[in-house]
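What you see is a predicted model; the values in this text were computed from it and never measured. For the numbers below, each heavy atom of this structure counts, side chains included, while hydrogens, waters and symmetry mates do not. In what follows, every chain begins at residue 1, and chains take the letters A, B, ... in the order their sequences are listed.
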Number of protein chains: 2
Amino acid sequence: MDQTTRIVRAFEDAGYQTTPSRRLLAELVAGSRGHFSAADLLDRARQRRAKVGRATIFRALELLTSLHVVERLDLPNRSHAYVMCDPDEHHHHLVCSRCGRSVDVADGELARLVDEIGRRNGYRIETHRLELFGICPLCAGTGAAAAVAADRGGPA
Amino acid sequence: MDQTTRIVRAFEDAGYQTTPSRRLLAELVAGSRGHFSAADLLDRARQRRAKVGRATIFRALELLTSLHVVERLDLPNRSHAYVMCDPDEHHHHLVCSRCGRSVDVADGELARLVDEIGRRNGYRIETHRLELFGICPLCAGTGAAAAVAADRGGPA
DNA sequence: CCCCGGATGAGACTGAGTATCAGGCAAGCC
DNA sequence: GGCTTGCCTGATACTCAGTCTCATCCGGGG
Ligand SMILES: [Zn+2]
Ligand SMILES: [Zn+2]
Ligand SMILES: [Zn+2]
Ligand SMILES: [Zn+2]
């Protein structure tokens, strides 16, 4: 099942209608290389001469976020963007500051660390957010790129 | 040296002028209990019948952020706020979701963890952000509150 | 095929943040 | 203390992401 279908399915499974707009947005999201903003999607939709309202894009992104199909990032430059996301378990994102490509990072030891910080300060911790920014192997363009890409089955 | 003076000093030390507006904002920031937004400061300034422009507040907060006197938070509810901040070393914030009071948290083991995540994925990590949200001892209102407060010399 | 509640798009609206610019004033210099 | 210069300021206009409204549309169950 390809990414687009997976996203459409997510809408269905959650009891939402399948509409042309949502199918289009699923394609656009699935076709994104790095992170993307609502405005990006709108541009790409317009390039395809597709008619979709701004509000619809925001609504779809909101839904997809609540379904954990995408996650909203707060970039260091103060803007926002979304990345596709493994819906199945809590994790964080390692984002390339150049191309926006993102890797899911398991919480791992962090959970323990967060827990301990809460205990030490007497806070009952409800949520936490970890965002990592750096240069991805592809953008660094070194031999490391090939090595890691091979590990993962090649560039997205 | 009290907090207000410390902030004014930060401006001076960085070579910026000391002006009535900046003194006022230093007071307002220093007098903040939890986190605060530009709009909060504007309100409190107006309450004092002080004349200060909106733009000036944004400019001051931008400066103070660059001087690491305050840090800008991205709250879970999508809004932004600032908290006062130890300017001396890299750290993160544990923020009360109810009252906004914030505790500085040393990076500690996180540095190692971040490093390892970068290595494992072939990214050269440039920056990271960790934000923790929960209920502070004071808001939880349990015996824990008194204990931790005593540890720290009482409520701010 | 019908119906209806969910979905849509156009466009108005909000509110945070930015840009501009003429005037003000801090601070170093004499 | 006055002078000068360049940083700083407030007012105002502006931008732009995101939200709201509402008349219309249409997916999909019956
Ligand atoms: Zn990259
Ligand atoms: Zn986590
Ligand atoms: Zn609290
Ligand atoms: Zn850190």
Inset, instruction - Would you indicate whether the side-chain heavy atoms of Asp2(B) and Arg6(B) approach each other to under 4.5 Å? - result: no
Inset, instruction - Compute whether any side-chain donor of one residue and acceptor of the other, for His92(B) and His128(B), lie under 3.5 angstrom apart. - result: yes
Inset, instruction - Counting heavy atoms from C-beta on, name the nucleotide in dT19(D), dG17(C), dA11(D) closest to the side chain of Arg54(A). - result: dT19(D)
Legend entry - Separation of atom CG in Leu42(B) from atom P in dT9(D), rounded to whole Å: 15 Å
Inset, instruction - Let me know the distance between CG of Leu24(A) and C1' of dC26(D), rounded to the nearest Å. - result: 17 Å
Legend entry - Any donor-acceptor N or O pair under 3.5 Å, side chains Glu126(A), Ser97(B): yes
Inset, instruction - Would you mind reading off the distance between Gln17(B) atom CD and dT4(D) atom C1', rounded to a whole angstrom? - result: 13 Å
Legend entry - Position toward the 5' end of DNA chain C (nearest nucleotide), Arg23(B) or Glu62(B): Glu62(B)
Legend entry - Integer-rounded Å distance: dG18(D) P and Asp40(A) CG: 11 Å
Inset, instruction - Determine: side-chain N/O of Thr56(A) to OP1/OP2 of dA7(C), distance under 4.0 Å, yes or no. - result: no
Inset, instruction - Using a heavy-atom cut-off of under 4.0 Å over every strand shown, decide if Arg59(B) touches base, sugar-phosphate, or nothing. - result: base
Legend entry - Identified stems (criterion: three or more consecutive Watson-Crick or G-U pairs, under 3.5 Å), DNA chain D: C:1-30 with D:1-30
Legend entry - For Leu42(B) against Arg54(B), the heavy-atom pair lying closest together: CD2-CG, 3.4 Å
Legend entry - dC8(D) OP1/OP2 closer than 4.0 Å to side-chain N/O of Ser21(B): no
Inset, instruction - Can you tell me the distance, in whole Å, between the CD atom of Glu12(A) and the P atom of dG6(C)? - result: 18 Å
Legend entry - Check: His90(B)/Asp107(B) side-chain N/O donor and acceptor closer than 3.5 Å: yes
Legend entry - salt bridge (charged side-chain N to carboxylate O under 4.0 Å, His left out) between Asp74(B) and Arg78(A), worked out: CA-CA 9 Å; Asp74(B) 298 296; Arg78(A) 300 193 164 187; over 6 Å; no
Inset, instruction - Using a cut-off of strictly less than 4.0 Å between a heavy atom of the residue and any atom of DNA chain D, enumerate the qualifying residues of residues 64-84 of chain B by number. - result: Arg78(B)
Legend entry - Tyr16(A) OH - dT8(C) P separation (whole Å): 12 Å
Legend entry - Interatomic distance, Phe58(A) CZ vs dT8(C) P [rounded to whole Å]: 15 Å
Inset, instruction - Indicate whether OP1 or OP2 belonging to dT8(C) is found under 4.0 Å from a side-chain N or O atom of Arg22(A). - result: yes
Legend entry - Ile57(A) CD1 to dA10(C) P, straight-line distance once rounded to whole Å: 11 Å
Legend entry - Side-chain donor-acceptor pair present, Asp86(B), His91(B), cut-off under 3.5 Å: no
Inset, instruction - Kindly say if Thr19(B) contacts the phosphate of dC8(D), meaning a side-chain N or O under 4.0 Å from OP1 or OP2. - result: no
Inset, instruction - Of all the heavy-atom pairs spanning Ala140(A) and Ile135(A), show the shortest one and how long it is. - result: N-CG2, 3.6 Å
Legend entry - Test applied, side-chain hydrogen bond (donor to acceptor under 3.5 Å, both in side chains); reference residue, Glu27(A); option that passes from Arg44(A), Arg48(A), Arg22(A): Arg48(A)
Inset, instruction - Give the intermediate values and the outcome of side chain to side chain contact (heavy atoms under 4.5 Å, CB included) for residues Arg72(A) and Leu61(A). - result: CA-CA 9 Å; Arg72(A) 185 190 166 94; Leu61(A) 285 174; over 6 Å; no
